[in-house]
K.L.:
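Pasting in a structure now, in structure tokens, and then I'll have a few things to ask.
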Amino acid sequence: MFTNPVTSREIRLAARPIGEPKPTDFAFAEVPVPAPGPGEILVRNTWMSVDPYMRGRMNDVESYIPPFAIGAPLDGGAVGEVIESNAPTVPVGATVSHFQGWRDYALLPASAATVVDTNIAPAEAYLSTLGTTGLTAYATLREVAPVREGDVVFISAAAGAVGSIAGQLARKLGASRVIGSAGGPVKGAKLLSDFGYDVAIDYRAGSVADQLTEAAPDGIDVYVDSVGGDHLRAALSALRTHGRVALVGAISQYNATEPVPGPDNLFLAVGKQLSLRGMIVTSYFHLYPEYIGKAAGWLADGSLHAEQTVMDGLDQAPAAFFGVLNGANTGKMLVRLT
Ligand SMILES: NC(=O)c1ccc[n+]([C@@H]2O[C@H](COP(=O)([O-])OP(=O)(O)OC[C@H]3O[C@@H](n4cnc5c(N)ncnc54)[C@H](OP(=O)(O)O)[C@@H]3O)[C@@H](O)[C@H]2O)c1
């Protein structure tokens with residue numbers, strides 16, 4: 001029989017970051033791990049996710065997801081092994097995904113965990129390609145800004161978690177040309193070799209607008225915006241009549257300390273009759289069975305390339321989070337906890 005670990009380490013929000021988050025905004029704590037009550041399971045977390053949206057939750061503002069509380073443990077996507085169970089539906093030994101990351105052990109209702117199939121892919125894939133990351137890319141290109149046969153598609157943050165999958169999915173959905181933007185030549189090469197892109201734009205090397213015009217002289221049909229700012233402005237100029245924009249994120253302004261004005265060419269959306277649509281992945285869970293059915297097949301036949309950047313140990317979780325905001329990752333940034 002398993003003997004409870006005496007304590008578990010967890011990471012708490014110590015202070016609300018101003019601008020770029022820093023180590024002192026986080027605090028480590030050691031807490032006792034109680035035995036599971038009725039219907040509860042105890043999970044030894046093996047992997048956790050760090051995601052750009054967590055930066056917004058560190059501000060004290062109302063949004064689609066509540067802000068983190070000062071002094072409370074952070075949370076977010078994690079996977080792990082059930083080591084004690086008081087719930088008939090989730091046995092000891094099962095691998096589960098859940099939302100109590102940023103800690104070594106998680107005590108939670110079994111109803112808040114999903115048993116995942118590690119025969120299809122390793123557990124950590126459920127935090128990336130087979131998780132909300134992959135679903136974000138799929139739902140965006142299927143429903144939010146649907147890709148049609150022959151479309152020219154432009155994707156920002158293209159070498160990251162969502163972007164690395166989105167490039168490949170755009171091609172599978174029939175795009176004739178897939179253009180990605182990422183920081184630096186190494187990521188640019190990766191876009192072309194592994195992530196399904198035809199053209200790589202290095203936004204750090206020069207004007208996004210000029211590079212996009214060169215990459216798509218006749219314009220683009222779909223833009224997946226994860227960045228905002230100069231990328232959204234350039235895309236609005238390049239979009240053709242009836243073009244579609246998925247507003248997925250705006251990472252260029254997550255650390256802003258003042259409100260950031262919108263693009264000064266938004267009026268182009270009128271004349272070109274553009275559609276601009278915000279997306280939050282939790283509104284697209286109905287597509288998950290369809291997506292995972294396809295993605296599992298693509299992973300198995302090698303036609304979907306999944307990449308991750310891994311940092312080891314809970315101690316490294318804040319650094320991994322800083323890294324995902326600063327571009328230290330290619331593919332999905334993950335923290336391995338074993
Ligand atoms: N709406 C939703 O439901 C949903 C779900 C998932 C993700 N998202 C959003 O999608 C975007 C990507 O998320 P992700 O998890 O896939 O993260 P990610 O792309 O793996 O990581 C973020 C990347 O953004 C790039 N970046 C950082 N600052 C930038 C800047 N000023 N200009 C251009 N690029 C910058 C960095 O790559 P470089 O080296 O290329 O700069 C970094 O690797 C984020 O905006 C996130 O908030 C939204």
Side-chain angles (χ1 to χ4, degrees), residues 19-21 48-59 63-65 76-77 127-129 131-141 143-145 154-169 179-191 195 197 200-208 211-212 223-235 245-256 260 276-285 287-288 291 306-311 320-335:
E20 277 195 34
M48 58 163 271
S49 179
V50 287
D51 300 273
Y53 78 89
M54 291 171 173
R55 176 63 188 86
R57 293 188 71 195
M58 291 172 182
N59 299 334
S63 180
Y64 60 94
I65 186 166
L127 298 177
S128 56
T129 319
T132 51
T133 296
L135 182 61
T136 300
Y138 185 72
T140 294
L141 297 173
E143 283 200 356
V144 183
F154 175 43
I155 297 170
S156 56
V162 173
S164 61
I165 301 298
Q168 299 174 76
L169 295 187
I179 302 160
S181 163
V186 174
K187 287 190 179 184
K190 200 82 189 161
L191 295 190
F195 298 151
Y197 290 88
I201 286 176
D202 179 356
Y203 74 88
R204 291 195 183 133
S207 148
V208 178
Q211 293 182 76
L212 186 56
Y223 172 50
V224 178
D225 190 28
S226 289
V227 168
D230 56 346
H231 282 74
L232 180 54
R233 188 179 192 286
V245 179
L247 300 169
V248 177
I251 198 165
S252 67
Q253 55 205 53
Y254 289 176
N255 286 326
V260 178
L276 289 81
R277 190 164 167 199
M279 89 84 71
I280 293 295
V281 64
T282 48
S283 295
Y284 293 88
F285 281 162
L287 287 178
Y288 188 65
Y291 170 65
E307 185 134 340
Q308 56 198 29
T309 300
V310 176
M311 297 190 70
F321 176 62
F322 307 150
V324 81
L325 294 176
N326 293 330
N329 60 308
T330 301
K332 179 78 184 95
M333 179 68 99
L334 291 172
V335 182

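Residues: numbered from 1 along the sequence shown. Everything numeric in this text was worked out from a predicted model, so none of it was measured. Just so you know, ligand 1 is whichever comes first in the structure, and atom 1 is the first atom listed for that ligand.
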K.L.:
Using a 4.0 angstrom limit on heavy atoms, which residues are close to ligand 1?
P.N.:
P52, T136, A157, G160, A161, V162, A182, G183, K187, Y203, R204, S226, V227, V248, G249, A250, I251, S252, Y254, M279, I280, V281, V324, L325, G327, N329, G331
K.L.:
Checking T140 now: which residues fulfil side chain to side chain donor-acceptor pair (under 3.5 Å) with it, not counting sequence neighbours?
P.N.:
none
K.L.:
Could you work out, with side chain to side chain donor-acceptor pair (under 3.5 Å) as the rule, every residue matching D230, not counting sequence neighbours?
P.N.:
none
K.L.:
Check whether the side chains of D51 and Y53 place a donor and an acceptor atom closer than 3.5 Å, and report yes or no.
P.N.:
no
K.L.:
Is the closest side-chain heavy-atom distance between L325 and E20 below 4.5 Å?
P.N.:
no
K.L.:
S181: which residues meet the side chain to side chain donor-acceptor pair (under 3.5 Å) condition with it, sequence neighbours left out?
P.N.:
H231
K.L.:
Dump the intermediate steps for side-chain hydrogen bond (donor to acceptor under 3.5 Å, both in side chains) on K190 and S164, then the final yes or no.
P.N.:
CA-CA 9 Å; K190 200 82 189 161; S164 61; over 6 Å; no
